[in-house]
Amino acid sequence: MPVQNAEIAALFDQAAELLEIKGDNPFRSRAYRRAARLIEGLPKSVTSLLKAGEDLSELPGIGKDLAGKIAAIVTTGKFDLLESLKDELPGDLGEIAALPGLGPKRVKLLYDKLGVRSIEDLYRAAKAGRLRELRGFGPKSEAKLLAALAKPPSQKRFKLAMAEAEAEALVSFLRPGLDKARVVVAGSYRRRRDTVGDLDILVAAHRNAAVGDRLSKYENVANVLAHGPTRTTVVLRSGLQVDLRVVPEQSYGAALMYFTGSKAHNIARRALANERGWKLNEYGLFDGERRIAGATEEDVYGKLDLAFVPLELREDRGEVVLAKKKRLPKLVSLSDIRGDLHVHSEWSDGTVPIADMAAAARERGYAYMAITDHSQRVTIAHGLDPARLSRQIDEVDRLNDELEGFVVLKGVEVDILADGRLDLPDKILSRLDVVVAAVHYKFDLSRQSQTERIIRAMDNRNMSILAHPTGRLIGEREPYDVDMERVIAAARERGCHLEVNAEPERLDLTDVHAQAAKSMGVKVAISTDAHTTAALGYMRFGVDQARRGWLESGDVINTRPLGELKKLLKH
DNA sequence: GCCGTTTTCGGCCCGACTGTTTTCAGTCG
């Protein structure tokens with residue numbers, strides 16, 4: 001059975017976690033984590049690489065040992081190291097270590113001294129005031145943990161990119177049994193929400209239990225929850241739930257609409273049907289018993305005298321009214337994008353030389369790309385100090401001399417220091433075409449301090465774009481507390497732009513904030529923050545979120561030709 | 001566990017910050 005890259009990565013991450021807790025050689029656990037990231041980022045599955053006879057130990061960070069372990073996982077499904085680590089350290093230690101403020105050492109201490117093996121154990125110990133008995137713990141850390149534990153466990157949602165990988169594999173598995181029947185993933189996935197709770201797969205066919213049979217035999221199915229003639233519900237090994245629905249051809253459009261949602265959008269649409277004395281449901285639009293539309297979405301919208309509403313807008317955020325007036329926005333699309341304004345190279349924590357990134361960007365049909373490596377404060381990424389940045393500027397100049405029909409813009413992703421100063425002197429920043437600035441440390445300032453810190457950074461006239469403005473990592477790190485409305489207003493006053501970071505873990509600005517920026521007259525840059533050439537392809541996820549934020553091409557600075565863009569970057 | 005014109009051992013991006021201590025371990029990125 002084909003093992004997915006993400007599964008291997010997850011196994012390696014778990015092993016790394018337990019090795020850290022155990023106190024093993026830290027470089028050993030780092031090797032597992034590094035390998036996990038590499039595997040996640042591979043354009044092909046290791047299963048197919050192995051099948052093609054590729055030597056995995058040629059991959060950077062994979063040696064003989066790890067290559068062997070990967071092969072064992074792929075062929076036998078077994079990962080002996082993890083099994084023995086789990087025997088040695090039973091419990092949900094990984095879950096505990098994920099809590100803020102708890103790392104491997106303290107998890108081990110809790111485990112050894114208080115027998116904490118689960119979140120429940122931890123809660124009881126903290127509640128009883130026993131944590132403060134431990135060296136290194138005090139009342140504050142106890143209170144912080146209790147606060148973290150008091151938060152209701154957020155219902156698990158999956159990042160869009162991850163759901164997409166699952167969905168594409170699943171659809172291509174289902175399709176062969178279905179001739180020319182349409183198979184579409186609906187729901188929030190189709191609306192391109194940044195996270196999805198489950199996959200709603202719609203198949204146009206007559207009552208066809210065979211599709212459901214096929215789904216329940218999918219190799220990644222962990223559990224079949226329900227299985228009937230028109231509907232099958234399963235849970236995949238990843239934990240993602242899948243609902244498969246089979247609807248007749250003549251209802252397909254109405255069903256697609258219904259299962260695409262959102263619920264609020266459906267309600268608004270149904271109200272319009274009711275106004276005419278009609279009925280709208282997943283089987284069609286009905287005048288009495290007579291179906292007057294239903295085969296396609298266009299059909300249904302048309303009969304309701306509505307313009308076709310782009311998927312990303314179906315949230316009942318005003319789109320139904322505009323659809324009625326036939327005045328929906330013409331949303332930005334991937335083909336409008338002319339360049340990427342946030343890209344890393346091996347000068348900091350990227351993986352390839354600037355020239356390689358430029359070549360890859362050019363292959364995507366772009367006219368320009370800004371190279372924006374980290375600044376000195378971000379030591380972990382080997383950030384640039386003024387001297388190295390100056391040398392990089394020279395290198396970009398040389399590179400541009402060789403390039404025709406493509407321009408590499410000189411830039412930096414400069415860290416915003418705690419007091420709002422930028423991490424590099426104005427003298428060097430003023431030599432750049434693009435200054436992307438971002439917060440990387442001190443996430444826990446008060447709302448007011450954080451907001452003022454960021455606004456102060458924008459006071460620097462060299463700053464062009466505020467990158468990943470809230471710092472969130474989906475499912476992993478909450479956004480820092482910041483008054484985004486004030487930030488947007490300040491950006492407006494200063495001619496600064498905000499980023500829609502397209503990296504699937506970030507998608508920051510969110511759709512909602514992007515729309516807020518537009519409504520306040522602030523333009524955005526949709527940028528990938530790519531550290532590899534493959535990651536330049538994340539652009540489409542950023543475009544999805546921009547579309548959800550109602551952005552049109554005119555709202556996005558990197559849809560502009562270079563000359564116009566350069567004017568926008570000055571303020 | 002990986003890696004190697006510094007090559008088969010001995011390194012491996014490391015500095016800031018917090019809450020705990022009373023000089024620093026642990027966490028974070």
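Just so it is clear, the values below take in all heavy atoms, side chains as well, and ignore hydrogens, waters and symmetry mates.
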Checklist line | Nearest-Å distance once atom P is located in both B/dT22 and B/dC28 | finding: 23 Å
Check: Just one of A/Leu110, A/Val107, A/Leu131 clears the side chain to side chain contact (heavy atoms under 4.5 Å, CB included) bar with A/Val116, so which one?
Finding: A/Leu110
Margin query: Which is more 5' along DNA chain B, the nucleotide nearest A/Lys144 or the one nearest A/Tyr32? Just name the residue.
Written below: A/Tyr32
Next item on the list: Look at all strands and tell whether A/Tyr441 reaches a base, only sugar-phosphate, or nothing, counting heavy atoms closer than 4.0 Å.
Entry: nothing
Margin query: Would you measure the distance from the C1' atom in B/dT6 across to the matching atom in B/dG11 and give it in whole Å?
Written below: 11 Å
Check: What integer number of Å spans the C1' atoms of B/dC9 and B/dC14?
Finding: 23 Å
Margin query: Using a 4.0 Å heavy-atom cut-off, does A/Arg33 contact any base of the nucleic acid, only the sugar-phosphate backbone, or nothing at all?
Written below: nothing
Check: Under 4.0 angstrom, heavy atoms only, what part of the nucleic acid is A/Arg34 near: base, sugar-phosphate, or nothing?
Finding: nothing
Check: Any salt bridge between A/Arg548 and A/Asp511, counting N to O under 4.0 Å?
Finding: yes
Note to self: Filter on ring pair (Phe, Tyr, Trp, His ring centres under 6.0 Å), then keep only pairs touching residues 94-142 of chain A, sequence neighbours left out; what's left?
What the structure shows: none
Check: Does anyone know the first and last nucleotide of DNA chain B in reach of chain A, 5' to 3', at under 4.0 angstrom to a heavy atom?
Finding: B/dG1 to B/dG29
Item checked: Nearest-nucleotide comparison on DNA chain B, the residue closer to the 5′ end among A/Pro139 and A/Phe443 -> A/Pro139
Next item on the list: Name the nucleic acid region contacted by A/Pro26, choosing base, sugar-phosphate or nothing; use a 4.0 angstrom heavy-atom cut-off, strictly under.
Entry: nothing
Notebook entry, point to check: Would A/Arg494 and A/Asp459 pass as an ion pair if we require N to O under 4.0 Å?
Noted result: yes
Next item on the list: Quote, to the nearest angstrom, the P distance that separates B/dC17 from B/dT23.
Entry: 23 Å
Note to self: Between B/dG4 and B/dT8, how far apart are the two P atoms, rounded to whole Å?
What the structure shows: 13 Å
Next item on the list: Mind checking A/Asn25 for me? I need base, sugar-phosphate or nothing, with any heavy atom below 4.0 Å counting as a touch.
Entry: base
Checklist line | Gap in Å between the two P atoms, one belonging to B/dC2 and one to B/dC13, rounded | finding: 15 Å
Notebook entry, point to check: Which whole number of Å gives the distance between the P atom of B/dA25 and that of B/dT21?
Noted result: 13 Å
Item checked: Watson-Crick or G-U counterpart of B/dT8, or none if no pair lies under 3.5 Å -> none
Check: Does some side-chain heavy atom of A/Tyr480 sit less than 4.5 Å from a side-chain heavy atom of A/Leu445?
Finding: no
Margin query: For A/Arg431, run the side chain to side chain contact (heavy atoms under 4.5 Å, CB included) check against A/Val412, A/Asn462, A/Ile393, A/Asp426 and tell me which one passes.
Written below: A/Ile393
Which atom pairs, one a donor and one an acceptor, fall under 3.5 Å between side chains of residues 55-69 of chain A and the rest of the protein, sequence neighbours left out?
residue : atom : partner : partner atom : Å
A/Asp55 : OD1  : A/Ser57 : N            : 3.1
A/Asp55 : OD1  : A/Ser57 : OG           : 2.8
A/Asp55 : OD2  : A/Ser57 : OG           : 3.2
A/Asp65 : OD1  : A/Lys69 : NZ           : 3.3
A/Asp65 : OD2  : A/Lys69 : NZ           : 2.6
A/Lys69 : NZ   : A/Tyr32 : OH           : 3.2

Check: With a non-hydrogen cut-off below 4.0 angstrom, is A/Ile380 in contact with a base, only sugar-phosphate, or nothing?
Finding: base
